[in-house]
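The next block holds one structure in the form of structure tokens; read it before the comments.
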Amino acid sequence: MTSIHIDHCNATNNVGTKPSAPASLEDKNTNPKTRNADKHGKKYHGISDPFTPRTTNRKGKPLRNVFDGSISTLEIMSSLEGHGGTSRMFARGKPRQEHLSSVGHFFSRGSTLERATAFTKSAVAFERNAPRLSGVSCRPKQGARPHTIMEELDSNEHPVQEMQFFNIGGAKVFFYYGLDTIRSPDHVMAAGPHVRDTAVGVLMLDQYKIQERPGDPSNPLTFWPYQTFYVIPAGVTFAKCKTVGSAGANALRDYPLESSAICQALLALAEVASRSGYQRLMICGDCGYYSLAAEAFAKSLSCWGTQSWTPHQDGAFASFRVPRFKSQSLDLDIILSLGTTQLIACPDPEKNLTSQLGHDTSVVYLTADARGWYSGEALNSVSAEYYPFLCRPWNAKHWHFNLDDELTMLDLVAQVNHSLLAGVLIQDNDYVLYKIADSLLELNAGSTAFLVGMFLGHTASKMKMVEGTLAEKAFFGASNLTKMAQEMSQDEVGRPYHRDIIVGKVLPVFDYIKPILRRIMNVVEGKNPEKLTEEEEFRFLAVLIGNPSLKGSPPPESYEEFKLELALRIQDTFMSLLTVGKLSPDVSGLPLGNMYVEFFANFNARLNKNVLGSVTRSHAIDGSKFPLFDCRFVPGFGFQVAQGLTVWTVCQNYFWLGTILLRFSESR
């Protein structure tokens, strides 16, 4: 028997540095037209959500500055920002810079600001340099309405919008204070007797941000009506969290600075919860790699002097080794349940989930990056399996530009597959078109591969060699487009085309994009021109694609330069498809659609069978009893998590994950 388990905190819930919240509770998941447009930041400064459909009776000022020339195309490409690491709170409402200075300073490294308050609707922030935690009234007395900072300052902001921030030893704690103003007696009764004495704590990541929805630990409504406190350990990014987790019980020895920052954050979380009047704190993690080192954190937290946590007299909290502590100085019970990988964080069968399973049972763990579970020689062995599919054999001195710091081949291939079905979905659906365009705005890299995927999906759906619906034709037929990929990227003997002729070779892709740009103008502006001017094409592509030049290079100044850089990116994408297809024994043609499912499912199966069972490890993953399924290159998922982008909760993303996982289970 095989059970499938999604690594709770390495999946869609890695959320990060700066706190975010809905513009208002009414906007959060209640209005179907706005709930998915709730974004974390924009790809360019001064332009906000240009792809929201505009109707004749729409209230509010229309967002026209993408089209009216008030911002030049060069400025659009020069100010690319992306959503990763950008608080949605700062993006909504276009607040003045002076209103952001307090919270902006609060989250900067080395900040001495100890307390701040902000309102999520407009991001207006108020500094508080009062002594640490003095005057904190995070939880009102029973029956009393909270007294908010909004009322103190005679602000027009609604109390429910209020957030509070604390800087304790470099750890940044924040919570949605205002939500307590709408917690009714009915909410309290429904939640049970502990809602007034128990709070939830979430250990976050630094410099990380993706879409959040109820159900995600980073969303304040997930544990509602229990109050949730969030903490960001100083400098612990997603990459560093993986490194710490890979060391397991030796994390404090191998990575003392990062481990100490995490422990400081846990102490800060407990301090704010205790000062807020709570007697019990249930701590979970927003990244599963934290839980791999839970034993190291528990050991360290017992050695912090008067702040130390001691093992609780009642023992573990749950039936399977979820540690429970007592902070004597805070008079606080603490349950440390950082994630489900905590159940296999030790290789000793007597100390992991093995002892709880039947002899014929295995548990598949899904992870955002399998390489993050290993270090040293073990990491080298695991990484060697990926290397041929990541590094371009043509990236040498004679190539047009150095691609060492760009996306890998397999990233491009996964991104093409991500948008393969989008090329079918947009054919007669403008709503899907503007949602896809909206998701393109988020990308700082990979947007060209996304457009190539749409082009290939559209092309395959028109082919007659595959029977079925348009989506079935795209999914099962795209792998047959090998000849087209070759003709657009290399000559008869396999040599890449020179840059002087590449624009003409990929012209079919540009011809595919042009009518899409006209449809986008119709969706946004209500205009339907027969033809766009070159300046309009340049502007639209700059918004959707961004700067196609190499990282750190200035953006192209003319449309001709832009098209050349974009054409070289398209060529690189086609060559990546061809190369990965040739390297994989499971692929006939291009690694697209059903062929990509075969490739990546079998890649994971071979990784577990040949490598993961034999390398040195600090956890129970053995490739058999506990196989590891790497979602890093699952279309619509792994790239988004790795880049701190939105993991969209749409059907096609679940389709890719479910289909590859099913094939993986069959191939074991």
Side-chain angles (χ1 to χ4, degrees), residues 1-7 10 242-243 245-248 288-289 292 341 344-349 352-354 357 359-393 408-411 413-414 417 576 579-588 591 594-635 637-639 642 656-657 659-668:
M1 180 178 70
T2 298
S3 76
I4 306 299
H5 167 70
I6 295 179
D7 180 358
N10 282 340
K242 288 193 291 184
T243 302
S246 69
Y289 293 109
L292 291 174
T341 48
I344 57 168
C346 178
D348 184 350
N352 64 46
L353 195 57
T354 301
L357 300 178
H359 71 280
D360 61 344
T361 302
S362 62
V363 177
V364 181
Y365 266 77
L366 278 66
T367 181
D369 189 347
R371 291 163 292 178
W373 290 60
Y374 301 91
S375 59
E377 287 302 316
L379 175 59
N380 293 336
S381 298
V382 174
S383 297
E385 298 296 306
Y386 290 81
Y387 183 84
F389 302 100
L390 303 182
C391 299
R392 300 164 173 83
T408 67
M409 286 196 302
L410 198 50
D411 273 315
V413 172
N417 279 281
S576 296
T579 303
V580 171
K582 291 176 181 177
L583 288 172
S584 174
D586 310 298
V587 172
S588 173
N594 65 317
M595 285 292 102
Y596 188 77
V597 171
E598 287 294 319
F599 157 68
F600 199 55
N602 284 289
F603 174 86
N604 271 280
R606 286 191 293 270
L607 180 69
N608 279 276
K609 181 180 179 180
N610 301 334
V611 181
L612 301 189
S614 58
V615 297
T616 303
R617 60 190 186 275
S618 60
H619 45 73
I621 292 295
D622 59 2
S624 178
K625 193 77 172 180
F626 295 104
L628 194 63
F629 181 84
D630 188 2
C631 297
R632 175 61 182 81
F633 299 101
V634 171
F637 181 81
F639 175 77
W656 280 109
L657 183 60
T659 303
I660 298 175
L661 185 58
L662 175 62
R663 188 68 189 92
F664 168 74
S665 299
E666 293 172 343
S667 63
R668 294 187 63 240

What one should report as the nearest heavy-atom pair of N608 and P627 is OD1-CA, 3.2 Å
Which heavy-atom pair separates V611 from V382 by the least distance, and what is that distance? CG1-CG2, 4.0 Å
Return the orientation label for the F633 and F600 ring planes: parallel under 30°, perpendicular over 60°, tilted otherwise. perpendicular
Closer than 3.5 angstrom, by distance alone: can the side chain of K242 be matched with the main-chain N or O of W373 as a donor-acceptor pair? no
Between S246 and T243, is there a donor-acceptor pair closer than 3.5 Å when you use the side chain of the first and the backbone of the second? yes
Give a yes or no on whether K609 atom NZ has more than 12 heavy-atom contacts from other residues, nucleotides or ligands under 6.0 Å away. no
Minimum heavy-atom separation for S618 and A247, please, with both atom names. OG-C, 3.9 Å
In short, R617 meets P347 closest at the heavy-atom pair O-CG, 4.2 Å
F637 CZ to I660 CD1 distance, which is reported to the nearest 0.5 Å: 11.5 Å
Can you give me the closest heavy-atom contact between A414 and P635, atom names plus distance? O-CB, 3.6 Å
Does E377 have more than 12 heavy atoms from other residues, nucleotides or ligands lying within 6.0 Å of its CD? no
Could you walk me through whether C631 and L657 satisfy the side chain to side chain contact (heavy atoms under 4.5 Å, CB included) test, starting with their C-alpha distance in whole Å, then the side-chain angles of each, then the deciding distance to 0.1 Å, before giving a yes or no? CA-CA 8 Å; C631 297; L657 183 60; 3.8 Å; yes
For the residue pair D622 and S624, confirm or rule out a side-chain donor-acceptor distance under 3.5 Å. no
For F664, what residues pass the ring-ring contact (aromatic ring centres under 6.0 Å, His included) criterion, not counting sequence neighbours? F629
Shortest non-hydrogen contact from H619 to I344? CB-O, 3.3 Å
Stepwise side chain to side chain contact (heavy atoms under 4.5 Å, CB included) test for Y386 and T408: CA-CA 11 Å; Y386 290 81; T408 67; over 6 Å; no
Sequence neighbours excluded and cut-off under 3.5 Å, please list the side-chain donor-acceptor pairs for residues 580-588, or say none.
from: S584; atom 1: OG; to: D586; atom 2: N; distance (Å): 3.2
from: D586; atom 1: OD2; to: R606; atom 2: NH1; distance (Å): 3.1
from: D586; atom 1: OD2; to: R606; atom 2: NH2; distance (Å): 3.1

Euclidean distance, N417 CG relative to W656 CH2, rounded to 0.5 Å: 4.0 Å
Tell me every residue that passes ring-ring contact (aromatic ring centres under 6.0 Å, His included) with F389, counting only those two or more places apart in sequence or in another chain. F599, F603
Find the distance between OH (Y374) and CD1 (I621) and round it off to the nearest 0.5 Å. 6.0 Å
Report yes or no: do T341 and Y289 form a side-chain donor-acceptor pair below 3.5 Å? no
L353 side, atom CG; C346 side, atom SG - distance, nearest 0.5 Å: 12.5 Å
How many angstroms lie between CG in L628 and CG in L612, if you round to the nearest 0.5 Å? 6.0 Å
Between R632 and F639, is there a side-chain heavy-atom distance shorter than 4.5 Å? yes
